[in-house]
Amino acid sequence: MRIDIITVLPELLESPLNHSIVKRAKEKKLVEINIVNLRDFTKDKYKSVDDYAFGGGAGMVMMIEPVYKAIEKLKGERDYDEIIYTSPDGEKFNQKIANQLSLLNNIIILAGHYKGVDQRIRDYLVTREISIGDYVLSGGEIPAAAITDAIVRLIPGALTDEQSALSDSFQDDLLAPPVYTRPSDFKGWKVPDILLSGNTGLIDKWRHEQSVERTKKLRPDLTDNE
Ligand code: SAM
């Protein structure tokens, strides 16, 4: 899989996409992540990619021309399955969408900035708009990193068996069960006996029950439709 992220702040994406599971997935050649600096696609001598909003009002707007050029260059090199714009008013990102996106070959993620992007980018260039939650961040880099991380850990081979995404929260509309490690007794706060029993059948059953209980208590909405 290949993910191209178009941004005005490449530095913001360096650390989140160069550690841990994402780093290892890149090393294993399971994913190629390419950061595209939008400022490389402007002829402006100050490399600016924003301008005042038509009609006035506060805040600058990301211009269509550099975005168009960046996308056209990428599309000239390969076909893309989705061109995603990160936006607070997009569809709310969740594990189901992460699963869908992890099955694609090539995607572009456009990280917005300023007051937002020229609406024509959304109308004519973008194929999907995704929000990571009902709050407003300063730019689309953190959403792009969050979406990328969630996708990459679902690519077969990115996680080892022990880290399997199948036991993560939301994979089957259930929250993950609680986990513990040594010591088994810390200041009298004990690990449930069942986890020390060595009986894998009973442990699996207990974990499933815990998942169901946790989901009912913390996120009943996840199972509401069943
Ligand atoms: N004026 C816009 C609005 O009210 O919807 C917010 C613009 S925000 C300051 C700048 C950029 O950050 C957006 O264009 C978007 O790419 C990104 N962004 C901010 N919050 C986001 C969120 N919750 N999900 C996805 N992207 C977000």
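Residue numbers count from 1 along this sequence. Atoms within a ligand are numbered from 1 in the order they appear, just like the ligands themselves.
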Closer than 4.0 angstrom, basic N to acidic O: yes or no for D89 and R122?
yes
Is it the case that ligand 1 has an N or O less than 3.5 angstrom from some N or O of I132?
yes
E129 atom CD: more than 12 heavy-atom contacts under 6.0 Å
yes
Please classify the V117 to ligand 1 contact at 4.0 Å (heavy-atom distances, strictly less than): side chain, backbone, both or neither.
neither
R78 atom CZ, over 12 foreign heavy atoms within 6.0 Å
yes
Give a yes/no verdict on whether any heavy atom in L110 is under 4.0 Å from an atom of ligand 1.
no
Quick one: look up the protein heavy atom nearest atom 10 (C) of ligand 1 and list residue, atom name and how far away it is.
Y114 O, 3.4 Å
Should you measure from each heavy atom of I130, which atoms of ligand 1 turn up under 4.0 Å away?
25 (C)
With a 4.0 Å cut-off on N to O distance, would you call D173 and R219 a salt bridge?
no
Could you say whether the N/O atoms of G133 and ligand 1 ever approach to under 3.5 Å?
yes
Check: of R122, K115, H113, E129, min heavy-atom distance to atom 1 (N) of ligand 1 comes from K115
From L202 CG over to L195 CG, what is the distance, rounded to the nearest 0.5 angstrom?
11.0 Å
Verify whether one side chain among E141 and T7 offers a donor that lies under 3.5 Å from an acceptor in the other.
yes
Distance-only N or O hit between ligand 1 and T86, under 3.5 Å:
yes
I need the nearest protein heavy-atom contact for atom 23 (N) of ligand 1: residue, atom name and distance, please.
Y135 O, 2.8 Å
Is there a donor-acceptor contact under 3.5 Å linking the side chains of Q119 and D123?
yes
Give the residue and atom name of whichever protein heavy atom lies nearest to atom 20 (N) of ligand 1, and the separation in Å to one decimal.
L137 N, 2.9 Å
Is it the case that ligand 1 has an N or O less than 3.5 angstrom from some N or O of G116?
no
Could you check N34 against D4 for side chain to side chain donor-acceptor pair (under 3.5 Å), going step by step and ending with a plain yes or no?
CA-CA 5 Å; N34 178 43; D4 288 273; 2.6 Å; yes
Return the minimal non-hydrogen interatomic distance between V191 and P183, and the atom names on each side.
CG2-O, 4.1 Å
Can you tell me which residue and heavy atom of the protein come closest to atom 5 (O) of ligand 1, and the distance to 0.1 Å?
P88 CG, 3.5 Å
Give the atoms of ligand 1, by number and element, whose distance to some non-hydrogen atom of S131 is under 4.0 Å.
23 (N), 24 (N), 25 (C)
Protein residue, atom and distance nearest to atom 25 (C) of ligand 1, heavy-atom basis
S87 N, 3.4 Å
Just jot down the ligand 1 atoms closer than 4.0 angstrom to any heavy atom of P143, in number order.
25 (C), 26 (N), 27 (C)
CZ of R153 to CG of L159, rounded to nearest 0.5 Å, is 5.0 Å
Return yes when F93 approaches ligand 1 closer than 4.0 angstrom through a heavy atom, no otherwise.
no
NZ-OH distance between K75 and Y68, expressed to the nearest 0.5 angstrom
7.5 Å
Non-hydrogen side-chain atoms of T148 and V31 separated by less than 4.5 Å
no
Within the structure, is a non-hydrogen atom of V136 found at a distance of less than 4.0 Å from ligand 1?
yes
re atom 14 (O) of ligand 1, the protein heavy-atom contact at minimum distance is Y85 OH, 2.6 Å
Best match, A111, A144, G139: closest heavy atom to atom 17 (C) of ligand 1:
G139
Taking distance alone, with N or O pairs closer than 3.5 Å, would you say G112 contacts ligand 1?
yes
